[in-house]
Every structure is written in structure tokens, then in C-alpha cells.
Amino acid sequence: MSETPQTPPQTPQQPSQQPRQQAPQTSGGPADAETAPYSGPAADRAAEFTPRRVRTVHLRRFKEAGERFAMLTAYDATMAGIFDRAGVEVLLVGDSAANVMMGRSTTLSMTVEEMLVYSRSVVAGAERALVIADVPFGSYEASPQQAVETGVRLMKEGGVHAVKVEGGAAMAGHVRAMVAAGIPVMAHIGFTPQSEHALGGYRVQGRGEAGERLLADARALEEAGAFSVLMEMVPAAVAAEVDAGLAVPTVGIGAGSGTTGQVLVWQDMLGLTAGRKPRFVREYADLRSTVAEAVGAYREDVRTGRFPAEEHSFDD
Ligand SMILES: Nc1nc(=O)c2c([nH]1)NC[C@@H]1CN(c3ccc(C(=O)N[C@@H](CCC(=O)O)C(=O)O)cc3)CN21
Ligand SMILES: CC(C)C(=O)C(=O)O
Ligand SMILES: [Mg+2]
């Protein structure tokens, strides 16, 4: 078990026939903010091979180069901008917004309209990351045509670059139709929160014989044209086997370290989520305490008249 990694994410070298993107900047300044998504010597080297915009083809190159990429949820422009500049390759506008943004107990009530608002916000804040939106429960399952219509709306009105669809081989026809319509699709298998009630709660999927089915689902979705397969709460060995059995990159959450990428909900990762945390969460900060202390200090300053001070006030 390693400690919190301090090094910035590495980006795999692109094939030599690819034109190099922007040369790394050596001085600070506004140009750096556009070309170098994170700072430090390793970042300067990586910037040479870092695309201006991460695309699905780059995620495939991570896998081919034996590299890993990071994905994080985002729901607003401010945080999306910070994550984007920190070098996170993929931003997911997750239907987890129903939980962490709207305080609901499940993702089932998320609507396409709500997803469009969050999507536009994240797209506005991200310059380099690939932005993917979850397709909400009830907006795609009925038919491949319904899935295409919702996917088109998320791209056309939400501005996202790709979508994520929950479900196994049963959704392969839907994925095929979406891909044919020009909608890049990430498939989501294993524990699929939209099916919480059908699955009987928050449970690890793919244990024992179910591991074979998981691999068959992943293969069917890859064959249908999914550019990536995400696995949630799957035994690490099964997830590694699925990754090895596919050409497309995989993403894991509670699926061990054998996937190409990893994803977490940002409020979990930064220590904002109250209460019991899923086993797969590592807290990289304690923002709950940081925010509570800062807000407490602000309130105290207001009460005692220490804020605002002269420098915050205007002369006549
Ligand atoms: N804040 C947040 N984080 C998430 O990771 C997340 C959401 N919301 N909302 C949508 C889905 C739901 N997810 C969840 C939520 C809870 C567990 C959970 O309680 N897991 C337990 C039990 C697992 C078991 O042993 O079967 C765990 O300890 O991991 C897992 C996934 C993942 N997604
Ligand atoms: C947990 C991730 C994979 C997700 O689907 C979401 O945030 O909605
Ligand atoms: Mg989701």
C-alpha cells in the first residue's frame, strides 16, 4: 500500500508520426495556464506530449503505453477548472450529482434537464479534459432510438464529448446505435447504481461465476463500439482480467489497480462527504474541516467587527 502519491500523472508518448503539440513553456505566465495543466519538472516533460484536448483516442494510447489516467466527477465550472488545470484527464458529470449536489438518496430521480445544466457548467470550466455525462435512469433503456435521442441531447445541448451508459450485454444494441450516430459511449458494468433496487443494494458484483458474465458483458459492449468500459465494485482480479481481455481502456471504482484509469466522486476524494464512506474511497484532503473552520472564523470576524477592515471598504 503506497502513501498519497505526490507525482503528477504521467502522459504516454504519442506515436512518432503524430505532430508534437505545443512545446513546454519555460517561463510562468498566462500561456502556461493554457498549455501546462500542472506544474513541476515532470509536468514540463509531460506537457510536450500532452494533447490540447484529451480525446477518446488518447485514453486508448494510455492503455497501449501501459500508463494510467485519472477521472474525477465534476458538476460545476469552478471545480471543473481546478481539476482540469491539475491535469485530470477525464471529467465525469455523474448522476451522483443527485446525491452530492441535490441531497437525494439515490441517482434514480436525475433528469436529462438537470444533467444538461451540470454538463454545460463543467464544459464551460474545462479546457483540456475529456468531459463525459452520465445518461440518466429512464432516458435510454426503452429502445436504442431513445438512447440515441438522449445521447444527442447531452452532446448538442450539454456540450459533452461522450456519454456513459449503465448496463451489460442487454445494452449492447443501444450502445451500437449510439456509436453509429456519432456518440462516443463509455459502458458502466458491475455495480450499476441506477439498478440498485434490482441488484438488491450496494453490493460487489462479479464474484465467483458472475465473473464470467462480467467478462462477457464487457466483450459485448466493446464489440458494440464502446470506447471504454467502467467497472464499479468488482473484485480486483476479475477487473484485471476484464482489462486484459479488452483492447479498449477500462476505468475502475472499487475495482482494484488493474484497470487503465480510476474514478472517484470528488466530494468523497477531498473529504467533504459526511458519514460512512465506501471502502474504495481515499481522502486526499479534509475539506469539511477546512471549510467549517474558515466559515467559523468569518462568522466570528463579522460578529466582533474585525471584518470588513479598512482595506475592504471604499472612501467617499
Ligand atoms: N458520494 C458518492 N460517491 C459515490 O461513489 C457514488 C455516489 N455518491 N452516488 C452514485 C454512486 C453510488 N455509489 C456507491 C455508494 C455507496 C457504496 C457503498 O456503500 N459501498 C459499501 C458496501 C459494499 C459492499 O460491501 O457490498 C462499501 O463499503 O464500499 C458503493 C457505491 C458510487 N457512486
Ligand atoms: C461513481 C461514478 C462512476 C458515477 O457513475 C457517478 O459519479 O455518477
Ligand atoms: Mg453515475
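This structure is a prediction, so every number in the text was calculated from the model and none was measured. Counting starts at 1 for both ligands and their atoms, following the listed order.
- Interface of Thr73 with ligand 2, defined as ligand atoms under 4.0 Å from a residue heavy atom, comprises 7 (O).
- Among protein heavy atoms, atom 7 (O) of ligand 2 sits closest to Ser96 OG, 2.6 Å.
- Under the 4.5 Å side-chain criterion, counting only non-hydrogen atoms from C-beta, Thr56 is not in contact with Arg60.
- Atoms of ligand 1 lying under 4.0 Å from any heavy atom of Thr107, numbered from 1 in the order shown and given with element: 10 (C).
- Of the protein's heavy atoms, Leu92 CD2, 3.7 Å lies nearest to atom 2 (C) of ligand 2.
- Using a 4.0 angstrom heavy-atom cutoff, Lys277 does not count as in contact with ligand 1.
- Ranking protein heavy atoms by distance to atom 1 (N) of ligand 1, first place goes to Asp268 OD1, 3.0 Å.
- For the pair Arg61 and Glu67, the salt-bridge criterion is not met [side-chain N within less than 4.0 Å of a carboxylate O].
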Stepwise, does the salt bridge (Lys or Arg N to Asp or Glu O under 4.0 Å) test hold for Glu149 with Lys156?
CA-CA 10 Å; Glu149 284 167 4; Lys156 196 167 183 168; over 6 Å; no

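- Near Asp134, meaning under 4.0 Å from any of its heavy atoms, are these atoms of ligand 2: 4 (C), 5 (O), 6 (C), 8 (O).
- For ligand 1, the atoms closer than 4.0 angstrom to any heavy atom of Phe280 are 5 (O), 30 (C), 31 (C).
- Scanning the protein heavy atoms around atom 32 (C) of ligand 1, the nearest turns out to be Glu232 OE2, 2.9 Å.
- Electrostatic pairing of Lys63 and Asp243 counts as a salt bridge here, judged by a charged N lying under 4.0 Å from a carboxylate O.
- Close approach of ligand 1 to Val204 is summarised as follows: ligand atoms under 4.0 Å from at least one heavy atom of the residue are 26 (O).
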Please determine whether side-chain contact (heavy atoms from CB on, under 4.5 Å) holds for the pair Phe191 and Arg203, giving the CA-CA distance in whole Å, both sets of side-chain angles, and the decisive distance to 0.1 Å.
CA-CA 7 Å; Phe191 176 65; Arg203 301 164 64 164; 5.6 Å; no

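- Metal site remark for the Mg ion (ligand 3): Glu166 contributes no N, O or S atom at a distance under 2.8 Å.
- Ranking the protein heavy atoms by distance from atom 5 (O) of ligand 2 puts Lys164 NZ, 2.8 Å first.
- Remark: Glu283 does not engage Arg288 in a salt bridge, criterion side-chain N to carboxylate O under 4.0 Å.
- Considering only non-hydrogen atoms, atom 6 (C) of ligand 1 lies nearest to Val265 out of Val265, Thr106, Thr273, Asp95.
- Between Glu300 and Arg303, at least one side-chain nitrogen of the basic residue sits less than 4.0 Å from a carboxylate oxygen of the acidic one, meeting the salt-bridge criterion.
- Between the Glu89 side chain and the Val54 main chain, no donor and acceptor come within less than 3.5 Å of each other.
- Every atom of ligand 2 is numbered from 1 in the order shown, and the set under 4.0 Å from a heavy atom of Gly94 is 6 (C), 7 (O), 8 (O).
- Our summary of the site lists the angle at the Mg ion (ligand 3) between OD2 of Asp134 and OD1 of Asp95 as 80°, to the nearest 10 degrees.
- Near Asn99, with a cut-off below 4.0 Å to any heavy atom, the atoms of ligand 1 are 7 (C), 8 (N), 9 (N), 10 (C).
- What sits closest to atom 29 (O) of ligand 1 on the protein, heavy atoms only, is Arg279 N, 3.0 Å.
- Using a 4.5 Å heavy-atom threshold, the side chains of Ser96 and Gln267 count as separate.
- Protein heavy atoms are absent from the space less than 4.0 angstrom from atom 25 (O) of ligand 1.
- Polar contact check, Ser96 against ligand 1: no nitrogen or oxygen pair lies under 3.5 Å apart.
- Counting heavy atoms closer than 4.0 Å to ligand 1, residue Pro193 contributes side-chain atoms (C-beta onward) but none from N, CA, C or O.
- Only the side chain of Ile253 comes within 4.0 Å of ligand 2, counting heavy atoms alone; its backbone N, CA, C and O stay farther away.
- Ligand 2 is never approached by Glu166 to a heavy-atom distance shorter than 4.0 Å.
- A distance-only check finds no donor-acceptor pair linking the side chain of Thr259 to the backbone of Val251 [under 3.5 Å].
- Protein heavy atom at the shortest distance from atom 22 (C) of ligand 1 is Tyr202 O, 3.9 Å.
- Counting heavy atoms closer than 4.0 Å to ligand 1, residue Gln267 contributes nothing at all.
- When atom types are taken as modelled, the side chain of His174 and the backbone of Glu141 share a donor-acceptor pair closer than 3.5 angstrom.
- One side chain, Thr273 or Asp268, offers a donor N or O that lies under 3.5 Å from an acceptor on the other.
- The atoms of ligand 1 that sit less than 4.0 Å from any heavy atom of Val100 are 1 (N).
- With atom 28 (O) of ligand 1 as the reference point, the heavy atom nearest to it among Arg207, Arg276, Met233, Gln205 is part of Arg276.
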